[in-house]
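Working notes for the structure below.
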Amino acid sequence: MNTQEILLREKLSEHYASVFEKDLIDEIVDIGYCDKLKSGELLIDIDDEMTHIPLILRGAVKIIRQEKEGEELVLYYLEKGDTCAISFVNCINRKKSIFKGIVEKDVEAIFVPVGRIDDWLTKYRSWRYFIIDSYHERLLEMVESIDSHAFMSLDDRLQKYLATQVKITKDKNLVITHREIANDINSSRIVVSRLLKRLEIAGKIEIRRNKIIVKKI
DNA sequence: ACATTAAGTGATT
DNA sequence: AATCACTTAATGT
C-alpha cells in the first residue's frame, strides 16, 4: 500500500469509518481520489454529466436550483459526512444534473468514479443504507426549504439563514454582503439591509462592511 | 484624487 | 415587502 492510499484511508475513517464496512472502505481507497476545492468554485452545474460522487470530508457545498440566469433557489447544503444522493441516481441512469452545486466553504472530498458504485449497492449493506439515508435527508431538507419560503416571514428566514451560515462556516464572523444574502433568500438588498439593521438594534448582530458578526440569534 | 462597490434612507406602491 | 432614486461610506488603483 502506498502512502497516498494510507492517507486516503485515514481521511475516510475520520467521518465514514463507523458508516462503511471494511471491505467497502478498501474499495473506495482503491478507486477514489481526494481533492480540494476553493470557496466559490463550481462543483456541478445544471445539465452536467455526473462522473464522480463526492464524499465530503470538510467544508460545505451549496446546492441550488436555477431558472434562467439569475433566478435561483437555495435547496440545501452538503457538509462533512454528506453526499449528494441525487447525484448518485444521475450516475446510475446517466441523466444530467438538475441542480447546481457551488462550494460555499473550502471543500475537501473523496471522489469516487461512477463505475463501481452500482455494484456496491447490492454488495454492501452499509453503502445501500448510506445512499437511502442520504436521499431521505436531502428530501427532508428540501421540504424544509419549501416550508420556509411558504410559511416563514422574511425576517425569520433571514435569521435562519444567518444561523445556518454560522453552522456551516463554524464562524460567527460571516464574510458576506447584504446583496449575497438577498440573493440566497430571494429578496432585495434594500430589504435585507433594513432587516439586518433591526437585528443590530435588537443586539443580535453587529454590522461591518462585508461582514456580519452574529452574537445571538 | 477618482472610480467602484457596499450599505443606508425616504418616499411610493 | 419591493422598488426607485438618491446619499454616504469604505476600498482599491
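Predicted model, so just to flag it, every value in this text is computed and none were measured.
- Rounding to whole angstrom units, NZ of residue A:K211 and C1' of C:dA10 are separated by 14 Å.
- Applying the salt bridge (charged side-chain N to carboxylate O under 4.0 Å, His left out) definition to pairs two or more places apart or across chains, those involving residues 40-63 of chain A are A:E14-A:R58, A:R58-A:E108, A:K62-A:E104, A:K62-A:D184.
- Checked for salt-bridge contact, A:R65 and A:E72 miss the test: no charged N lies under 4.0 Å from a carboxylate O.
- The shortest distance between the side-chain N/O atoms of A:S187 and the OP1/OP2 oxygens of C:dA2 is below 4.0 Å.
- The aromatic rings of A:Y124 and A:W120 sit perpendicular, their planes meeting at an angle over 60°, well past the 30° parallel limit.
- Nucleic acid contact for A:S188: base, since at least one base atom lies under 4.0 Å from a heavy atom of the residue.
- A salt bridge is defined here as a Lys NZ or Arg NE, NH1 or NH2 lying under 4.0 Å from an Asp or Glu carboxylate O, and A:K160 with A:D156 fails to meet this definition.
- We find that A:D30 and A:R116 are not joined by a salt bridge, their nearest charged nitrogen and carboxylate oxygen being 4.0 Å or further apart.
- Surrounding CZ of A:R128 are more than 12 heavy atoms belonging to other residues, nucleotides or ligands, all under 6.0 Å away.
- With respect to the salt-bridge test (charged N to carboxylate O, under 4.0 angstrom), the residues A:E200 and A:R198 do not qualify.
- Mapping heavy-atom proximity under 4.0 Å, the span of DNA chain B touched by chain A runs 5' to 3' from B:dT5 to B:dA11.
- Electrostatic pairing of A:E79 and A:K105 does not count as a salt bridge here, judged by no charged N lying under 4.0 Å from a carboxylate O.
- We find that CD1 of A:I190 is positioned 11 Å from P of C:dA5, with the value rounded to whole Å.
- Using a 4.0 Å cut-off on heavy atoms, the residues of residues 191-207 of chain A that approach DNA chain C are A:V191, A:R194, listed by number.
- In this structure, CG of A:N186 is placed 13 Å from P of C:dA1, rounded to the nearest angstrom.
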